[in-house]
Amino acid sequence: MTRRTRIAKSNGKSIGKMKIRLDPVLDIKAAAPLYALLSSRRGGDLAIDASAVERIGGQCLQVLLAARARWEADQRRFLIEGFSPDVIATLRLMGIEPAAFDHRRETDA
């Protein structure tokens with residue numbers, strides 16, 4: 001993550017329970033820093049607050065989908081919540097249902 005492109009703020013430090021907040025613009029410049037941020041959080045359950053996201057591009061969408069698949073393979077909880085109606089419309093335009101970003105371990109059910 002570069003200093004100029006800030007993707008998310010982390011308010012959780014422990015590996016067991018982490019929560020990050022995404023920044024409003026997730027464009028192509030944000031994809032590599034987002035990947036680095038998510039990679040650094042691998043190994044624990046992750047909750048992502050997307051309530052501030054105003055725009056999301058295809059590259060960041062790919063990063064988020066790949067991260068969800070990694071968390072699922074690791075059998076960890078991965079949840080993105082709070083998408084605005086505009087972002088939900090963008091996701092659906094790309095063929096993605098917002099529920100695709102909600103992976104819970106079987107023990108969470």
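All figures in this text were calculated on a predicted structure; none of them were measured in a lab. Just so you know, these numbers use all the heavy atoms, side chains as well, and skip hydrogens, waters and symmetry mates.
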key: Minimum heavy-atom distance S39-R70, with the two atoms named   =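 Looks like OG-NH1, 3.5 Å.
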request  = With sequence neighbours excluded, give me every ring pair (Phe, Tyr, Trp, His ring centres under 6.0 Å) pair touching residues 40-82.
outcome  =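 Output for this query lists W71-F78.
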May I ask you to test the [X]-[Y] pair for a side-chain heavy-atom distance under 4.5 Å?
X	Y	answer
L22	L34	yes
D45	L79	no
L61	L91	yes
I56	D27	no

request  = Report the C-alpha separation of L64 and I80 in whole Å, then their side-chain angles, then the decisive distance to 0.1 Å, and conclude whether the side chain to side chain contact (heavy atoms under 4.5 Å, CB included) test is met.
outcome  = CA-CA 9 Å; L64 292 171; I80 302 177; 3.9 Å; yes
query = Please, which pairs that meet side-chain hydrogen bond (donor to acceptor under 3.5 Å, both in side chains) have at least one residue in residues 57-68, sequence neighbours excluded?
reply =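 Found R68-E72.
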query = With sequence neighbours left out, which residue pairs that include part of residues 80-96 fulfil the side-chain hydrogen bond (donor to acceptor under 3.5 Å, both in side chains) condition?
reply =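 Residue pairs with at least one partner in residues 80-96: R92-E97.
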inquiry  = Taking side chain to side chain contact (heavy atoms under 4.5 Å, CB included) as the criterion, tell me which of I48, D23, L26 meets it with V53.
reply    =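 Among the candidates, only L26 passes.
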key: Pairs satisfying salt bridge (Lys or Arg N to Asp or Glu O under 4.0 Å), at least one member in residues 46-67, at least two apart   =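 The answer is R21-D49.
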Roughly how far, to the nearest 0.5 Å, is [atom2] of [Y] from [atom1] of [X]?
X	Y	atom1	atom2	value
L46	D74	CG	CG	11.5 Å
R76	R41	CZ	CZ	15.0 Å
I88	I96	CD1	CD1	13.5 Å

task = List for me each residue that meets ring pair (Phe, Tyr, Trp, His ring centres under 6.0 Å) alongside F101, sequence neighbours excluded, and say none if there are none.
result =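 Counting only residues at least two positions away or on another chain, F101 forms a ring pair (Phe, Tyr, Trp, His ring centres under 6.0 Å) with F83.
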